[in-house]
2 protein chains.
Amino acid sequence: MTSVPTPPWRKSPKPVKQQLSQALIVETGLRILDSEGLDALSMRRVAQELGTGPASLYAHVSNKDELLELIYDLILGEIEVGEPDPANWKAQLRAYALESHQVLGRHADVARAAMSSVPTGPNALRLGEYMMSLLISAGMDPRDASFTVDRLSLYIAGDAFEGSLHFARMRAQGLNDRKEYIRNFVGQIKDYYQSLPPEQFPMLTTYVDELTDPDGEQRFEYGLDLMIEGMAARMK
Amino acid sequence: MTSVPTPPWRKSPKPVKQQLSQALIVETGLRILDSEGLDALSMRRVAQELGTGPASLYAHVSNKDELLELIYDLILGEIEVGEPDPANWKAQLRAYALESHQVLGRHADVARAAMSSVPTGPNALRLGEYMMSLLISAGMDPRDASFTVDRLSLYIAGDAFEGSLHFARMRAQGLNDRKEYIRNFVGQIKDYYQSLPPEQFPMLTTYVDELTDPDGEQRFEYGLDLMIEGMAARMK
DNA sequence: ACCTGAACACCGTTCAAGT
DNA sequence: ACCTGAACACCGTTCAAGT
């Protein structure tokens, strides 16, 4: 195999190496997170992907936590919201919750950052502004609206985080089919509950089927509606 | 310094070294968790505390995740419940939620295990049985009861987990006063929100005070009541 | 200002060897 | 069966040195 000389018209071939920048680091982090999960996302791994050493990242990002928060806000950018319509606040709030939940679910492992982060990124601000204006224009008291936004956000992030823990466990077992993993997992709990002494655990043994419903989306919506109905009860 | 011979009546002095056992490992883990936080809880640290090497633990505990789950169920043992009283289900459910929340808060860092764990430990079973019997005796449909138990547990663990993340951050900064840390932290967000352009963020800038209420307990109760009222609305 | 190699002080887990 | 030392394959972060 002979090596070809670079042709003369391609002058001063730029160094292959890309310039480092915060945006580049964050994007690389997101890519790793999505394809290999939170456990794989390390400063060293990001650096490797960018062809450099881990120390180089610290010129653009102060530590791993900050990197995670930046990735988190990047993801929040995927959530789109429209104009608040006071007459439809319930449906709009519900739609918002479902969409955020979906977006967080799509990037499973960022959910942890969602729980620890302070809402100061540009997208977090945008979404906070949206939720507040929706609830307040619907007639909710500002204090109630603030608490509601806080609690709803916690619920969404909490459910997504729980999901991400299952997802990580699945990956640790070398499995890939999310549906099948859940079915299997739930099946094991079912067997266990069924094997319990009915005298001591009459409820758990009687209602095994209800307790081991594998439909996570349905469970999420159930809790969401519980909260929304609670809000409605408080407003009228 | 002369060494004293062991007196003859103290026969066959047992080796000073304690026997390893799962219970001992779990207790040691809990002690480290409570006094130094999740970050400090490593297999190596537990082993060190017991005067041995990390490999020794693997004869009693299959991995770190299992250790965390065992610690978690040990902690759940602190939650006491009485007899379900159908006429008072709202108050009892509320009291249960507050107590679990308190117990998890006391052992801040176990909350992560609370979110990932499958409810199969003896105490998790006991508490699941209690919640189910409370809701069902109050007239709730079994399916609703199951979903409610699941969602309420998630909410409690989620809030505790969020709290533990703040706690960890505090410790990482070398601080010790929880109250002061929160005040400080909230103050910073307040300043930031106040500095935002009001045209772009009318809600966030107008309702800074409501949005930065530092009382975490009040926020927890707010969300709890939202859910309980949602349940009540569904039952009647 | 930005980047780097090398080092520091850690991890969880495995494995062959011991008792 | 239980315990061990040593090793493997990793971490996040710092720091002095380079450009």
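In what follows, every chain begins at residue 1, and chains take the letters A, B, ... in the order their sequences are listed.
In the set D/dT13, D/dA6, C/dG12, the nucleotide with an atom closest to the side chain of A/N63 is D/dT13. Each of D/dA6, D/dG12, D/dT14 was ranked by its minimum atom distance to the side chain of A/K64; first place goes to D/dG12. Of the candidates C/dG12, D/dG12, C/dC3, C/dG12 carries the atom nearest the B/M43 side chain, counting heavy atoms from C-beta on. Taking only side-chain atoms of A/H60, from C-beta outward, the nucleotide of D/dA6, C/dG12, C/dC3 with the closest atom is C/dC3. When each of D/dG12, C/dC2, C/dT13 is scored by its nearest atom to the side-chain atoms of B/Y58, the top-ranked nucleotide is C/dT13.
Within 4.0 Å (heavy atoms only), B/S42 reaches sugar-phosphate atoms of the nucleic acid but no base atom.
Nucleotide C/dT4 holds its C1' atom 15 Å from the CG atom of A/L50, rounded to whole Å. To the nearest angstrom, P of C/dC10 lies 13 Å from CG of B/D39. Counting to the nearest Å, the C1' atom of C/dC2 and the CD atom of A/Q22 are 14 Å from each other. The CG-P distance, from B/L57 to D/dG5, rounds to 13 Å in whole Å.
Within 6.0 Å of CD in B/Q218 there are more than 12 heavy atoms belonging to other residues, nucleotides or ligands.
Between B/L41 and the choices B/V110, B/L30, B/L68, the side-chain contact (heavy atoms from CB on, under 4.5 Å) rule is met once, by B/L68.
A centroid separation of 6.0 Å or more is found between the aromatic rings of A/Y181 and A/F167.
Using cut-offs of 30° and 60° for the angle between ring planes, the A/H101 and A/F220 rings count as parallel.
Nearest-nucleotide assignment on DNA chain C puts the 5′-proximal partner with A/A55, out of B/A55 and A/A55. Between A/G53 and A/R44, the one whose closest nucleotide on DNA chain C sits nearer the 5' end is A/G53.
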